[in-house]
Novice: 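What follows is a single structure, and I will ask about it in a moment.
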Amino acid sequence: MNPYITVILWAAVIVALFILLIVRDNRKRKKLLLNKIRRVYGNVPEREYEPGDIEKISHYFYRKCGGNNKKFVIDDITWNDLDMDSVYMMVNQTLSSPGEDVLYAMMRTPVFTQEEIDKRDSLSEFFRTHQAEREQMQWLLFQVGKTRFGSLSDTILALESAPVVSPGIHLAMLAALILSLAVVLPLSPLHGFFLFFILSITNISIYYGGKDRKLVETYLDCFSSLLRMLGAADQMEAVDWPEVQEQMERIREGKKSFSRLRKRAVFLTGKNTGTGDPLQMILDYVRMVFHVDILTYNATLREVQGKADKIMLLIDSIGELDAAISIASFRELLVLSCKPEFVPYTGGKIQLKTEDLYHPLISEPVANSLHAAGGTLVTGSNASGKSTFLKNIAVNSILAQTIATCTCASYRAPFLKVMTSMALRDDLSGGESYFIVEIKSLKRILDESRKKEPLLCIIDEVLRGTNTIERIAASSRILKELSKDWALPFAATHDIELSYILEGIYENYHFEEEVKDNQVIFNYLLQKGRATTRNAIKLLDVLGYDARLVQDARKAASDFEHTGVWKPMHS
């Protein structure tokens with residue numbers, strides 16, 4: 001047999017084996033992914049977050065809802081008060097960067113119409129009740145993947161301001177390589193091959209030693225992320241489920257603008273870069289020798305710049321699908337959940353009614369029921385459950401209007417704006433004391449309450465940053481100011497005086513505890529009426545403080561309750 005044919009056949013066999021290995025590896029990866037999808041669906045997410053991850057994911061939300069946006073959003077104070085980052089992490093089972101970006105933005109952007117909430121709910125319910133379609137979509141979303149830079153909108157939109165390269169030396173070297181192959185090699189194969197070899201080594205040195213490749217490499221992840229998203233969008237076009245047609249139409253519209261991009265970008269990078277794609281491995285050598293990535297960079301960049309709206313359309317639409325599957329998984333995770341019922345607000349006092357409400361972040365929660373109409377004041381001892389209960393109301397109101405899912409047996413209320421003033425701190429960087437931070441936080445709620453739109457406001461320990469006399473005087477007036485027909489204020493306090501001052505304006509509830517066998521036992525059950533017990537001095541006793549000190553403190557408190565005067569202490 002001709003030796004050349006033998007070499008060619010062996011080469012063909014090696015390439016065929018190589019391709020078969022890639023195919024087998026892809027099938028194995030798909031099977032492993034499918035097993036993982038089935039394992040984590042409806043369970044607590046396995047992802048571990050690095051410091052700064054959530055902050056990066058939030059950039060999409062601020063890009064969409066910042067600036068002059070007039071939509072009501074969950075502001076930073078409320079989001080942080082309620083530890084909504086942790087709630088988001090519990091919901092987040094997304095497989096793509098658009099998914100985690102959109103889910104975060106969704107949970108900070110409550111909707112205020114039944115039509116919008118029904119659309120979100122029906123998409124999640126479709127994926128919850130159709131396993132085959134859900135897993136098919138999750139495989140496609142996995143192809144989009146997650147960027148290592150946080151928000152995909154940051155990654156891709158960085159191309160809007162990317163600089164261009166100077167192609168002069170690269171064009172000259174490419175011309176020299178072509179001449180060595182097309183002119184010198186036919187005339188003198190030995191000299192042509194030697195010249196091509198020397199030029200190739202020189203070009204590889206320029207490639208790795210010059211600044212242009214480093215500049216292009218900086219933006220390769222941006223192009224790769226966009227190409228992966230476009231590749232997944234191509235496959236999504238085959239999906240014909242009526243429930244996702246709105247997203248499919250927007251995906252088709254978004255990707256039409258990038259038809260020429262993919263033809264140019266094949267020399268720059270690929271959607272499968274780093275995954276063992278044999279074509280990309282061959283192209284890596286072509287790029288090193290001929291600099292085709294640097295030479296096509298400027299033209300490829302022009303195909304992307306000025307199309308931020310189309311990129312965001314793709315991120316929005318693909319992200320909605322991924323977020324809906326996460327919400328479906330979250331619903332399966334919950335031991336008790338319900339769809340919220342929204343009642344149009346037509347005047348009169350706002351009412352909120354919920355049964356067996358529990359906090360989603362507590363592993364063994366105690367459920368409480370409540371029917372609130374107007375203001376609600378919650379008193380009770382330290383650690384009795386006041387703050388957790390109030391956070392629970394706010395968290396569920398947000399979940400009701402964002403992911404149409406509540407952690408309770410039933411939830412009934414109007415569409416509400418939710419604002420809180422709870423877990424505040426001194427602003428060291430701004431040089432502001434706790435009290436200044438607190439009164440600014442309260443003022444934003446008071447300002448919002450004047451708009452005569454349904455408002456749920458949660459306040460924990462009103463004006464805790466100042467002295468007792470002024471705290472009680474000012475906080476009672478602030479709470480009275482919030483007691484409006486269109487507002488639903490909740491406040492927790494240790495100041496039992498407020499329950500008397502605001503009687504008839506605020507409904508009183510409390511949490512209580514029991515001291516048994518030298519232990520303070522909390523049942524975390526909401527009770528009607530004001531608190532009648534305190535535990536601070538009891539806790540001193542339980543924790544082994546000197547008996548004389550405890551007895552003296554108890555007597556001083558009792559004397560003050562009877563006389564209203566604190567007796568001076570003597571050395």
Side-chain angles (χ1 to χ4, degrees), residues 30 33-34 37-38 40-42 60 64 71 91-107 109-145 152 228-259 271 309-334 337-342 399-406 415:
K30 187 171 183 177
L33 175 66
L34 188 59
I37 285 170
R38 290 173 178 170
V40 302
Y41 181 78
Y60 170 86
K64 290 279 289 186
K71 277 186 177 181
V91 179
N92 184 21
Q93 286 276 30
T94 57
L95 292 170
S96 69
S97 285
E100 61 186 10
D101 287 356
V102 169
L103 179 63
Y104 181 92
M106 186 183 289
M107 291 180 68
T109 314
V111 298
F112 292 88
T113 68
Q114 191 67 48
E115 181 185 3
E116 288 178 287
I117 209 70
D118 286 346
K119 280 173 64 177
R120 289 188 181 184
D121 174 56
S122 62
L123 188 58
S124 293
E125 274 301 288
F126 168 71
F127 285 121
R128 191 182 71 83
T129 55
H130 292 75
Q131 180 180 349
E133 287 85 349
R134 181 182 72 241
E135 290 176 354
Q136 181 182 340
M137 182 57 67
Q138 285 179 292
W139 170 250
L140 296 175
L141 292 165
F142 177 73
Q143 307 310 308
V144 179
L152 188 65
R228 284 197 303 273
M229 189 162 63
L230 292 170
D234 286 339
Q235 296 179 65
M236 286 179 185
E237 280 195 307
V239 170
D240 59 357
W241 316 321
E243 293 82 0
V244 300
Q245 284 313 299
E246 181 183 336
Q247 288 78 17
M248 292 302 111
E249 285 299 321
R250 285 190 269 129
I251 288 170
R252 290 186 193 101
E253 181 186 343
K255 80 184 192 69
K256 275 192 301 188
S257 301
F258 300 99
S259 57
K271 65 178 181 178
D309 57 332
K310 300 300 182 185
I311 291 171
M312 291 300 282
L313 186 63
L314 285 167
I315 293 174
D316 292 345
S317 307
I318 293 172
E320 281 177 23
L321 298 169
D322 205 355
I325 293 173
S326 268
I327 295 167
S329 177
F330 178 64
R331 290 176 179 178
E332 294 290 341
L333 165 67
L334 299 173
S337 67
C338 73
K339 295 178 185 178
E341 179 186 353
F342 294 103
L399 295 180
Q401 289 176 225
T402 56
I403 65 173
T405 308
C406 293
F415 287 100

Novice: Taking all heavy atoms of Ala400 and all of Ile117, pick out the closest pair and write down the distance.
Specialist: O-CD1, 3.3 Å

Novice: Would you find a donor on one side and an acceptor on the other, under 3.5 Å apart, between the side chain of Asp101 and the backbone of Gly319?
Specialist: no

Novice: If you define the side chain from C-beta out and look only at heavy atoms, does anything of Tyr41 sit under 4.5 Å from Arg134?
Specialist: yes

Novice: Which distance, rounded to the nearest 0.5 Å, do you find between the CD1 of Ile327 and the CD of Glu125?
Specialist: 10.5 Å

Novice: Determine whether a donor-acceptor pair (N or O, by modelled atom type, separation under 3.5 Å) exists between the side chain of Asp322 and the backbone of Leu95.
Specialist: yes

Novice: So how far is it from Leu333 CG to Thr405 OG1, rounded to the nearest 0.5 Å?
Specialist: 11.0 Å

Novice: Rounded to the nearest 0.5 Å, what separates atom OG in Ser97 from atom CG in Leu141?
Specialist: 11.5 Å

Novice: SG/Cys406 to CG/Leu334 distance, rounded to the nearest 0.5 angstrom?
Specialist: 10.0 Å

Novice: Show, in sequence, the C-alpha distance, side-chain angles and deciding distance for Phe258 and Ile311, and conclude whether the side-chain contact (heavy atoms from CB on, under 4.5 Å) test is met.
Specialist: CA-CA 10 Å; Phe258 300 99; Ile311 291 171; 3.6 Å; yes

Novice: On the 0 to 90° scale, with breaks at 30° and 60°, tag the Phe342-Phe415 ring pair as parallel, tilted or perpendicular.
Specialist: parallel

Novice: In Å and rounded to the nearest 0.5 Å, what is the CD1 to CE distance from Ile251 to Met248?
Specialist: 4.0 Å

Novice: Do you know which two heavy atoms are closest between Glu243 and Leu123, and how far apart they sit?
Specialist: O-CD1, 3.7 Å

Novice: What closest approach, in Å, do Gln136 and Trp241 show between heavy atoms, and which atom pair accounts for it?
Specialist: OE1-CZ2, 3.5 Å

Novice: Does Asp316 have any salt bridge (charged side-chain N to carboxylate O under 4.0 Å, His left out) partners at least two apart in sequence or in another chain, and if so, which?
Specialist: Lys64

Novice: Tell me the closest heavy-atom pair linking Ser329 and Gly42, and the distance in Å.
Specialist: OG-N, 2.8 Å

Novice: Can you sort out the partners of Glu332 under salt bridge (charged side-chain N to carboxylate O under 4.0 Å, His left out), two or more places apart, ordered by chain and number?
Specialist: Arg128

Novice: With a 4.0 Å cut-off on N to O distance, would you call Glu246 and Arg250 a salt bridge?
Specialist: yes

Novice: Looking at every non-hydrogen atom in both residues, tell me the closest pair between Phe127 and Leu321 and how far apart they are.
Specialist: CE1-O, 4.0 Å

Novice: Does the side chain of Glu100 come within less than 4.5 Å of Leu152's, by heavy atoms?
Specialist: no

Novice: Do Phe112 and Gln401 come within less than 4.5 Å of each other through their side chains, counting heavy atoms only?
Specialist: yes

Novice: For Val239 and Glu133: C-alpha separation, side-chain torsions, deciding distance, then whether side-chain contact (heavy atoms from CB on, under 4.5 Å) applies.
Specialist: CA-CA 9 Å; Val239 170; Glu133 287 85 349; over 6 Å; no

Novice: Just do the side-chain contact (heavy atoms from CB on, under 4.5 Å) check on Lys310 and Lys255 with the steps written out, would you?
Specialist: CA-CA 7 Å; Lys310 300 300 182 185; Lys255 80 184 192 69; over 6 Å; no

Novice: For the residue pair Met137 and Met236, establish whether any side-chain heavy-atom pair is separated by less than 4.5 Å.
Specialist: yes

Novice: Between Arg331 and Ser337, do the side chains contain an N or O donor and an N or O acceptor separated by less than 3.5 Å?
Specialist: no

Novice: Just do the salt bridge (charged side-chain N to carboxylate O under 4.0 Å, His left out) check on Arg252 and Glu249 with the steps written out, would you?
Specialist: CA-CA 5 Å; Arg252 290 186 193 101; Glu249 285 299 321; 2.9 Å; yes

Novice: How far does NZ of Lys339 sit from CD of Glu341, to the nearest 0.5 angstrom?
Specialist: 13.0 Å

Novice: Report yes if some heavy atom in the side chain of Thr94 is under 4.5 Å from a heavy atom in the side chain of Val102; otherwise report no.
Specialist: no

Novice: Between Gln143 (side chain) and Trp139 (backbone), is there a donor-acceptor pair under 3.5 Å?
Specialist: yes

Novice: Using atom types as modelled and distance alone, determine if a side-chain donor or acceptor of Ser96 lies under 3.5 Å from a backbone N or O of Phe142.
Specialist: no

Novice: Among all residues two or more places apart in sequence or in another chain, which pass the salt bridge (charged side-chain N to carboxylate O under 4.0 Å, His left out) test with Arg38?
Specialist: Glu135

Novice: Keeping Thr109 on the side-chain end and Met106 on the backbone end, is there a donor-acceptor pair under 3.5 Å?
Specialist: no

Novice: Could you walk me through whether Ile318 and Leu140 pass side-chain contact (heavy atoms from CB on, under 4.5 Å), step by step?
Specialist: CA-CA 10 Å; Ile318 293 172; Leu140 296 175; over 6 Å; no

